[in-house]
2 protein chains.
Amino acid sequence: MATTAPRVEARGGENRREALLDAAAAMFATKGYDGTSIRDIAGAVGMLPGSLYYHFKSKEDLLIAVYRKGVARFEAAIDAALGGTVDEPWQAIEAACAAHLSILLDGGDYARIVNPEFVRSFPPAMLPTLNAERDRYERHFEKLIAALPLDPQTDRWLFKVALFGSLNWSQTWYRKGRYTPHDIAAAFIGMLRLKQA
Amino acid sequence: MATTAPRVEARGGENRREALLDAAAAMFATKGYDGTSIRDIAGAVGMLPGSLYYHFKSKEDLLIAVYRKGVARFEAAIDAALGGTVDEPWQAIEAACAAHLSILLDGGDYARIVNPEFVRSFPPAMLPTLNAERDRYERHFEKLIAALPLDPQTDRWLFKVALFGSLNWSQTWYRKGRYTPHDIAAAFIGMLRLKQA
DNA sequence: GAGGCTACCAAACAAGTGTTTGCTATGACA
DNA sequence: TGTCATAGCAAACACTTGTTTGGTAGCCTC
């Protein structure tokens with residue numbers, strides 16, 4: 001046998017914590033933060049409520065961990081999308097939008113937590129912590145928008161919130177099948193771009 | 001003195017119910033449905049928790065009443081805005097957007113409840129009831145969009161959700177002062193319209 | 001002035017909440 | 001073989017939740 005065991009854990013190991021995160025993300029996303037109890041989450045992974053406190057020191061702590069994973073997913077997706085350095089600005093932002101949408105719509109439960117409208121249901125004390133994470137992410141888009149050849153009258157900040165609104169709103173109407181994230185990104189950017197032709 | 005007293009109520013009268021609705025709207029909007037207790041609401045108007053059940057038969061019943069008032073506000077605003085029959089399609093939709101925004105952003109607590117992202121935190125059983133109210137409202141916009149002279153390639157349904165997304169998202173970033181609802185409506189419509197020039 | 005309705009109080013109910021505490025089985029390591 | 005951290009169980013804690021029930025003060029009508 002292997003003389004130096006590759007760090008085998010006592011019972012469940014590190015992936016039990018991960019299982020709790022997954023369960024929490026799923027239940028937060030569907031039933032909300034307040035609507036989900038510690039007992040629900042622990043029960044979903046076959047644990048007793050008290051045992052959860054070995055892995056997380058409070059329910060809020062658990063939420064923050066879930067939220068961080070959510071933001072990380074968005075950042076990874078957008079990094080990957082912009083990795084191939086597209087230098088045409090409209091193509092670049094369309095790629096970023098498509099990446100954002102694919103996580104938002106098909107990225108599983110973690111992504112749903114990040115929505116600011118969702119965040120408002122969280123304990124107010126944690127709002128600064130969570131918003132700081134998100135602001136950092138949005139800055140990627142601000143850079144891409146700064147590079148766009150827009151009409152001089154266009155307020156780039158309003159352009160950003162308009163675009164973000166369209167994108168994030170898709171969570172409320174999107175159903176798998178009819179449109180893909182790429183379709184939607186292309187259509188939205190197309191509407192904002194046509195005048196340049 | 002007035003011989004026929006103008007319908008003076010026993011104690012609080014009909015406006016006590018209204019006071020409860022106001023308190024509920026305010027607290028739902030800031031702390032969410034689950035985050036607000038019957039005791040909070042009753043206490044805000046100087047009532048005991050049990051007494052609330054004289055006016056509303058359940059907490060869900062109270063929420064529905066608040067929600068209805070919220071939707072009614074939007075409908076009244078848009079009716080007023082389109083009353084002066086603007087027949088230029090772009091002007092008409094801009095007016096509708098401005099009306100929508102003025103309620104959404106400065107329309108008080110009732111309006112905040114109507115946001116679909118907010119609704120998701122409600123008991124799932126009441127979702128059909130609430131969504132039916134909202135769908136009826138959105139149909140006003142579908143009509144206005146149908147009248148727009150858009151590029152043939154533009155999907156009008158996607159146009160609608162993009163516009164609605166931009167508008168409703170403003171709730172997350174709007175702060176009084178910098179932009180007025182009219183400014184925002186003009187800017188958003190301007191971005192989507194420029195190509196027609 | 002008797003009856004009835006309105007609007008509310010007072011007090012409890014059962015159920016569910018996040019969290020703490022003490023204990024224990026398991027495997028790694030010396 | 002003994003020690004030790006890991007990972008979790010079992011049971012309780014104090015508290016909050018939506019809701020119900022029985023009673024009652026004030027007003028209106030007959």
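The sequence lines fix the lettering, A, B, ..., with proteins before strands; numbering per chain opens at 1. Reckoned from all heavy atoms, side chains included, excluding hydrogens, waters and symmetry mates.
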A.B. asks: Rounded to whole angstroms, how far apart are CD1 on B/Ile41 and P on D/dG18?
C.D. replies: 8 Å
A.B. asks: For the side chain of A/Ser37, counting heavy atoms from C-beta on, which of C/dG18, C/dA7, C/dC9 is nearest?
C.D. replies: C/dG18
A.B. asks: D/dG8 C1' sits how many Å from A/Arg16 CZ, rounded?
C.D. replies: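 One finds 9 Å between C1' of D/dG8 and CZ of A/Arg16, rounded.
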A.B. asks: Assess whether one donor atom and one acceptor atom, taken from the side chain of A/Arg39 and the base of C/dG16, lie less than 3.5 Å apart.
C.D. replies: no
A.B. asks: Please state how far atom CG in B/Asp34 lies from atom P in D/dT16, giving the value in whole angstrom units.
C.D. replies: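 After rounding, the reported distance stands at 17 Å.
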A.B. asks: Is there a side-chain contact between A/Arg68 and A/Arg73 (heavy atoms, below 4.5 Å)?
C.D. replies: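 Contact flag for A/Arg68/A/Arg73 side chains = no.
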A.B. asks: Determine the contact category for B/Ser51: base if any of its heavy atoms lies under 4.0 Å from a base atom, sugar-phosphate if only primed atoms, P, OP1 or OP2 are that close, otherwise nothing.
C.D. replies: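 Base: the residue B/Ser51, judged by heavy atoms under 4.0 Å, touches a nucleobase.
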A.B. asks: Output the rounded distance in Å from CG (B/Leu20) to P (C/dA7).
C.D. replies: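 Going from CG in B/Leu20 over to P in C/dA7 covers 12 Å.
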A.B. asks: Measuring from the side chain of A/Leu48 (C-beta onward, heavy atoms only), which nucleotide among D/dA10, C/dT6, D/dA7 has the closest atom?
C.D. replies: D/dA10
A.B. asks: How close or far is atom P of D/dG18 from atom CZ of B/Phe56, stated in whole angstroms?
C.D. replies: 15 Å
A.B. asks: Are any non-hydrogen side-chain atoms of A/Trp169 and B/Leu167 less than 4.5 angstrom apart?
C.D. replies: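 They are not in side-chain contact.
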A.B. asks: Please check the phosphate of D/dA7 (OP1 and OP2 only) for any side-chain N or O of A/Tyr54 closer than 4.0 Å.
C.D. replies: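 A/Tyr54 to D/dA7 OP1/OP2: side-chain N or O found under 4.0 Å.
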A.B. asks: Distance check: side-chain N/O of B/His55 vs OP1/OP2 of C/dC8, anything under 4.0 Å?
C.D. replies: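 Checking C/dC8 against B/His55, a side-chain N or O does come within under 4.0 Å of OP1 or OP2.
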A.B. asks: Without decimals, in angstroms, what is the distance between A/Asp40 CG and C/dT17 P?
C.D. replies: 6 Å
A.B. asks: Would you indicate what A/Gly35 reaches in the nucleic acid, counting non-hydrogen atoms under 4.0 angstrom: base, sugar-phosphate, or nothing?
C.D. replies: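 Contact class for A/Gly35: none.
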A.B. asks: Please tell me whether A/His100 and A/Tyr137 form a close aromatic pair, meaning their ring centres lie under 6.0 Å apart.
C.D. replies: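 For A/His100 and A/Tyr137, the ring centres are under 6.0 Å apart.
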A.B. asks: Tell me which of B/Met47 and A/Pro49 sits closer to the 5' end of DNA chain C, going by the nucleotide each one is nearest to.
C.D. replies: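 By nearest-heavy-atom nucleotide position, the 5'-most residue is B/Met47.
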A.B. asks: CG of A/Leu52 versus P of D/dC9: gap in Å, rounded?
C.D. replies: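 The answer, rounded to whole Å, is 11 Å.
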A.B. asks: Can you figure out which of C/dT17, D/dT19, D/dC9 approaches the side chain of B/Ser58 most closely?
C.D. replies: D/dT19
A.B. asks: Taking only the side-chain heavy atoms of A/Tyr53 (C-beta and beyond), determine which of C/dT6, D/dC9, C/dT19 contains the nearest atom.
C.D. replies: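 That would be C/dT19.
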A.B. asks: Could A/Glu133 and A/Arg139 be called an ion pair, given the rule that one side-chain N must be under 4.0 Å from one carboxylate O?
C.D. replies: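 Salt bridge: no.
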A.B. asks: If you check every side-chain atom of A/Ile38, which of C/dG18, D/dC9, D/dT20 has the closest atom?
C.D. replies: C/dG18
A.B. asks: Relative to A/Tyr53, does A/Lys59 satisfy both conditions: NZ or CZ under 6.0 angstrom from the six-membered ring centre, and within 45 degrees of the ring's axis?
C.D. replies: no
A.B. asks: How many Å lie between CD on A/Glu60 and P on C/dT17, as a whole number?
C.D. replies: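 It works out to 17 Å between those atoms.
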